[in-house]
Amino acid sequence: MNADSTSTKDRKVRVRIAPSPTGNCHVGTARTALYNMLFARKYGGTFVLRIDNTDLERSTKESEEGVLEGLRWLGLQWDEGPDIGGPYGPYRQLERMDTYKETVEKLLSEGKAYYCYCSPSELEEERKAALAAGKPPRYSGKCRELSPADRARLEAEGRKPVVRLRVPDTTMSFVDLIRGHQQKDMAERGDFIIFKSDGTPVYNFATVVDEHYMEMTHVFRAVEHLTNTFDQVCVYESMGWEPPRFGHLTLMLNPDRTKISKRAGAIYIGEFREMGYLPEAVNNFLALLGWNPGTEQEIFSMDELVEAFSVDTLSKSDAVFDIKKLDWFNGVYIRSLTVPDLASRVRPFMEAAGYSADDASYLERAVALITDRIGKLTEAPDLLGFLFVDDVELDPAALKTKAKFSYADIARGLKASADALEKVSAWEHEPIEKALRSTAAELGWKAGELLMPVRIAVTGSRVTPPLFESLVVLGRDRSLARIRKAIALLEE
RNA sequence: GCUCCCAUGGUCUAGUGGCCUAGGACAUCGCCCUUUCAAGGCGGUAACACGGGUUCGAAUCCCGUUGGGAGCGCCA
C-alpha cells in the first residue's frame, strides 16, 4: 500500500504550519503558513500551529514567541496551537514525547525497527568511504540482526543505542499535490535513524507521528522536504498508517538565485515591519510569489485570497524574492488606507524618529499630505519632520536655488512672499496659492522659481509635500517666522 | 558521487498542440500632467535555456544536454 490514496478527501481538512522556534519568523515560514491557512479557510478546515522542535536546548519561550508574533502581525490566525490549545494537543513536540516513545516501542516489538550501537565516528567513516566510492552514503545494516547477547555485550561497553527503521528494498511512492506522482527506489536508502541515543525522536519520525495523531489531511511544506517524504512514507507504512496528502512548495531565492538569505535584505517578518511595510502588502506579495490566481488581478484582500486560492495554480519553480515589487504593493496599500488609519500606522515611526505625534488630528492633517508620496512608513518622518519641530535648519547656499539668482534676489523674493502671505485673509490653500502666484508674476519670475525658495525656507528641504497645503498645516505664524528667518540669513 | 525536483523578458507569472507576430504586473526607458517629490495617464525596450525528435502544426508532448535547486545527518 503506497501513499497515493485519495481517501483523505472524505475527512474534514486539517492542515498545519510547524515552525521550529528560532526566535524569528522567517519569510518562508510565513508564506507556507499563509498558503496553509488559505487552504484551510477555502475548504472550511482547521489550521493548526505546532512548534516543531525536538531539540531541548534551542527551544525557549522567547524563541517560540518570536515566531508567533511574526505570524500574528501578518494577520494569520490558527485555530489550534500552543498558545490557544485545542483538542489535539499538546502543540509542542517536546510535550509529545510519550507518543513518540510509544510508537517506537511498537515498531521495535514488531521487529520493524531495531537498536543500532554503531558510534558516530564509525558511521562517519562508512559514509566517507561510500562517498569516495561514488555511492550514496548508506548504513551498512551491521546491527540489523543483533542477538540479545550481542546487545548485552555492547551495552556493557557503555554504548547507547539509536533506533533504526528497517527500510524495505522496494519502491516508495506518493502523489504530490503540486508535482504529481513521485517515486523512489528505497534499495539505496538504508535503514535510517528514527530515535537518537539520547532517547529523543528524529524529525522525520516525530513529524509522522504528529501528523498521524493530529489527524492532518494535507501537508503543505517547502520542497526541501520532498526527498524526506519517501522516508516518512516508510514510517507511515511500517505503522500501517495512512499518510496525509503532500504538497511541496517552492523555495524563495536571492537575486542571484541561491536560497534566500540575509543577502536579499530582509528575511524575517519583524524586519519588514521595521522597514515600514504593511502586513497586508507583505501577505499579498508573498501570496503571489509561488501561486497565481489564474486571472490578471494582483491586489487581493485576505478574503479575496481565500476565495481565489487553488492548489492547482501553485507553481513548481522557485521564485526570486524581488523587494521592488513588494515596494510597489506597499505603496498601493498605503494609498488605499484612510487617513486616520495611515496616521496611526505612521505614528510609531514618527515617535521613533524623535517627533512628538500625540496630537492625533494634527498628525492626520500632516499625513494627508503624503498618502501618495510614501512607499514605506519609514519615509514619513523625513517628509513630515518640518511640521513637528519649532525651527528648521537653513543653509543660505541651499536657498540659492538657481545660478541666475543672487542672494539678494532670493531675499527679495522671500520678502515679497512674506508680505503677500501676511495679507492673506484666510489661511487656506486657495488664497495662499493665489498670493504666492501673483507675487511671482509681479516679480516677473516663474511660479517654480519663487516657490522653491519658499519651500526650502519653510521646510528646510527641496523634497517636500505640496507647498500650499504644507503652509496651511504649519500655520501662518510658524510659516512667516521661517521665511523671515531665511531672509535674515540671506542678508548676513 | 548518487537520487529527486525545476527551467517563458532583469523579476513574479499567464500559457496545458493551432486563439501566440507569447498576455499581465514589477523594474527600466520616453512623453504627458506638474510648485519639489511622488502619484496618475500614454507609449517603448525586453523572454519560450540548448539540441534532437513526435505532429500538417510545439512555448506547450517525448528524449538528451546544459543550468539551477533540494536530499543522501544521532539538524529541523
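Chain A is the first sequence line, chain B the second, and so forth, proteins listed ahead of strands; every chain is numbered from 1.
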May I have the distance from [X] (atom [atom1]) to [N] (atom [atom2]), rounded to whole angstrom?
X       : N      : atom1 : atom2 : result
M186(A) : G71(B) : CE    : C1'   : 12 Å
Y114(A) : C74(B) : OH    : P     : 12 Å
D372(A) : C33(B) : CG    : P     : 19 Å
L326(A) : A27(B) : CG    : C1'   : 14 Å
D231(A) : A70(B) : CG    : C1'   : 14 Å
R373(A) : U36(B) : CZ    : C1'   : 9 Å
E379(A) : U36(B) : CD    : P     : 19 Å
R221(A) : A70(B) : CZ    : C1'   : 13 Å

Base, sugar-phosphate, or nothing for [X], non-hydrogen atoms under 4.0 angstrom?
X       : result
P19(A)  : nothing
F468(A) : base
C118(A) : base
H225(A) : base
K259(A) : sugar-phosphate

Using atom [atom1] in both nucleotides, what's the gap between [N] and [M] to the nearest angstrom?
N      : M      : atom1 : value
U60(B) : U54(B) : C1'   : 13 Å
U13(B) : C2(B)  : C1'   : 34 Å
G52(B) : G73(B) : C1'   : 41 Å
C31(B) : G69(B) : P     : 41 Å
C61(B) : U8(B)  : P     : 13 Å
C33(B) : G43(B) : C1'   : 15 Å
C74(B) : G64(B) : P     : 33 Å

*Do the side chain of R476(A) and the main chain of L421(A) share a donor and acceptor less than 3.5 angstrom apart?*
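Present.
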*asked:* For M216(A), is there any backbone N or O sitting under 3.5 Å from a side-chain donor or acceptor partner on R16(A)?
replied: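 Not a single qualifying donor-acceptor pair exists.
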*E442(A) and S438(A): side chain donor to acceptor below 3.5 Å*: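 No pair is found: no donor N or O on one side chain lies under 3.5 Å from an acceptor on the other.
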My understanding is that a pair needs two contacts under 3.5 Å, Watson-Crick or G-U wobble. By that rule, which nucleotide pairs with [N]?
N      : answer
A76(B) : none
C20(B) : none
G67(B) : C6(B)
G40(B) : C32(B)

_If you assign each of R437(A) and S197(A) to its closest nucleotide in RNA chain B, which residue comes earlier from the 5' end?_
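In this pair, the answer is R437(A).
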*Toward the 5' end of RNA chain B, by each residue's nearest nucleotide, E296(A) or R189(A)*: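 In this pair, the answer is E296(A).
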*Among I17(A), L68(A), L94(A), find the one that has a side-chain contact (heavy atoms from CB on, under 4.5 Å) with I51(A).*
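The residue from I17(A), L68(A), L94(A) that satisfies side-chain contact (heavy atoms from CB on, under 4.5 Å) with I51(A) turns out to be L68(A).
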Side-chain donor-acceptor pairs under 3.5 Å in residues 364-386 of chain A, sequence neighbours left out?
| residue | atom | partner | partner atom | Å |
| --- | --- | --- | --- | --- |
| R373(A) | NE | L369(A) | O | 3.2 |
| T378(A) | OG1 | M275(A) | O | 3.1 |
| E379(A) | OE1 | G375(A) | N | 2.8 |

I want to verify a distance call: between [options], whose nearest atom is closest to the [X] side chain?
X       : options                : answer
N204(A) : A76(B), U36(B), U35(B) : A76(B)
L467(A) : C72(B), U35(B), A39(B) : U35(B)
W328(A) : U36(B), A25(B), A39(B) : A25(B)

_Checking R179(A) now: which residues fulfil salt bridge (charged side-chain N to carboxylate O under 4.0 Å, His left out) with it, not counting sequence neighbours?_
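Once residues adjacent in sequence are excluded, R179(A) has no partner under the salt bridge (charged side-chain N to carboxylate O under 4.0 Å, His left out) criterion.
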_When you measure from the centre of the six-membered ring of Y139(A), is the NZ or CZ of R164(A) closer than 6.0 Å and no more than 45° off the axis?_
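Pair R164(A)/Y139(A) counts as cation-pi.
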_Base versus backbone protein contacts along nucleotides 2-13 of chain B [heavy-atom cut-off under 4.0 Å; B, S, -]_ = SSSSSS--BSBS
*Do R455(A) and U35(B) share a donor-acceptor pair, side chain to base, under 3.5 Å?*
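Side chain to base: pair present.
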*Answer yes or no: does a side-chain N or O of K324(A) lie under 4.0 Å from OP1 or OP2 of A25(B)?*
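So the side-chain polar atoms of K324(A) never come under 4.0 Å of the phosphate oxygens OP1 or OP2 of A25(B).
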_Test of ring centre spacing under 6.0 Å for H218(A) and Y35(A)_ =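 Ring centroids of H218(A) and Y35(A) are no less than 6.0 Å from each other.
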_Distance check, rounded to the nearest 0.5 Å: D176(A) atom CG versus H181(A) atom NE2?_
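NE2 of H181(A) is found 11.0 Å from CG of D176(A).
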